[in-house]
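The block underneath contains the structure these notes are about, expressed in structure tokens.
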Amino acid sequence: QVQLVESGGGSVQAGGSLRLSCAASGRTFSAMGWFRQAPGKEREFVAAINWRGSSTYSEDSVKGRFTISRDNAKNTVYLQMNSLKPEDTAVYYCAATGGRATSRTGEYDYWGQGTQVTVSS
């Protein structure tokens, strides 16, 4: 049974940092990604990474602040979030696919339950 379990969310003041983790079980995936959904908004792409970690992609508003990485030995993907802003407040979801790393939500086969990130000003 495939499971993605996120952890590391919480509340932080603007300018602070958090590190999200997503542990996958049941199989390995060629690409994994992070998405987020704020109240009243659609789920949006944050970052994605391929199997080797040689290719990463991120949404423009997080470039230079967020870094995605993965540890294949642990079957875990991470999202290091620095210089957090109130507009980063959302539920963050981990996603995995047997295909290529992409920003398209429909290309991901498996999703975690989400972890709340709240950034106060």
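The cationic group of R100 does not satisfy the cation-pi geometry with W51, failing either the under 6.0 Å distance to the six-membered ring centre or the 45° limit from the ring axis.
A salt bridge between D88 and K85 is absent, with no side-chain N of the basic residue lying under 4.0 Å from a carboxylate O of the acidic one.
To the nearest 0.5 angstrom, L84 atom CG is 10.5 Å from T118 atom OG1. Rounded to the nearest 0.5 Å, atoms CZ (R70) and OG1 (T28) are 8.0 Å apart. Rounded to the nearest 0.5 Å, atoms CD (Q80) and CZ (R65) are 12.0 Å apart. Here OG1 of T67 is found 11.0 Å from CE of M81. Values are rounded to the nearest 0.5 Å. Separation of atoms CD (E44) and OH (Y93) is listed at 12.5 Å; rounding is to 0.5 Å. Note that CG of D109 is 7.0 Å distant from CZ of R27, once rounded to the nearest 0.5 Å.
Remark: the backbone N or O of S7 is not paired with any side-chain donor or acceptor of T115 at under 3.5 angstrom. With hydrogens and angles disregarded, a donor-acceptor distance shorter than 3.5 Å links the side chain of S30 to the backbone of T97. Checked by atom type and distance alone, the side chain of E6 pairs as donor or acceptor with a backbone atom of Q113 at under 3.5 Å. Remark: side-chain polar atoms of T89 are not paired, donor with acceptor, to backbone N or O of E87 under 3.5 angstrom. Between the side chain of R36 and the main chain of V117, no donor-acceptor pair closer than 3.5 Å is present. Looking at E59, its side chain never comes within 3.5 Å of a backbone N or O of K63 through a donor-acceptor pair. Checked by atom type and distance alone, the side chain of N50 pairs as donor or acceptor with a backbone atom of S54 at under 3.5 Å.
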Step-by-step side chain to side chain contact (heavy atoms under 4.5 Å, CB included) determination, R43 to W111: CA-CA 12 Å; R43 191 169 298 188; W111 293 83; 3.3 Å; yes
Side chain to side chain contact (heavy atoms under 4.5 Å, CB included) between Y92 and Q116, worked out: CA-CA 6 Å; Y92 283 70; Q116 177 70 45; over 6 Å; no
Steps toward ring pair (Phe, Tyr, Trp, His ring centres under 6.0 Å) verdict (Y57, F45): CA-CA 10 Å; Y57 310 90; F45 170 72; 7.7 Å; no
Side chain to side chain contact (heavy atoms under 4.5 Å, CB included) between V77 and C94, worked out: CA-CA 8 Å; V77 65; C94 171; 3.9 Å; yes
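The hydrophobic cluster containing F66 also contains M32, counting ILVMFWY residues as joined when their side-chain heavy atoms lie under 4.5 angstrom apart, directly or transitively. Note on F35: it does not cluster hydrophobically with V119, by side-chain heavy-atom contacts below 4.5 Å among ILVMFWY residues. A continuous path of ILVMFWY side-chain contacts below 4.5 Å connects W34 to I49, so both sit in one hydrophobic cluster. No chain of hydrophobic side-chain contacts below 4.5 Å, direct or via other Ile, Leu, Val, Met, Phe, Trp or Tyr residues, connects L79 to Y108.
Here the closest non-hydrogen pair linking P86 and S121 is CG-CB, 3.9 Å.
Looking at heavy atoms from C-beta onward, V2 lies in side-chain contact with F29 at the 4.5 angstrom threshold.
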Identify each donor-acceptor pair in which a side-chain atom of residues 10-25 lies under 3.5 Å from a protein atom, sequence neighbours left out, and give them as a table.
| residue | atom | partner | partner atom | Å |
| --- | --- | --- | --- | --- |
| S17 | OG | N82 | OD1 | 2.9 |

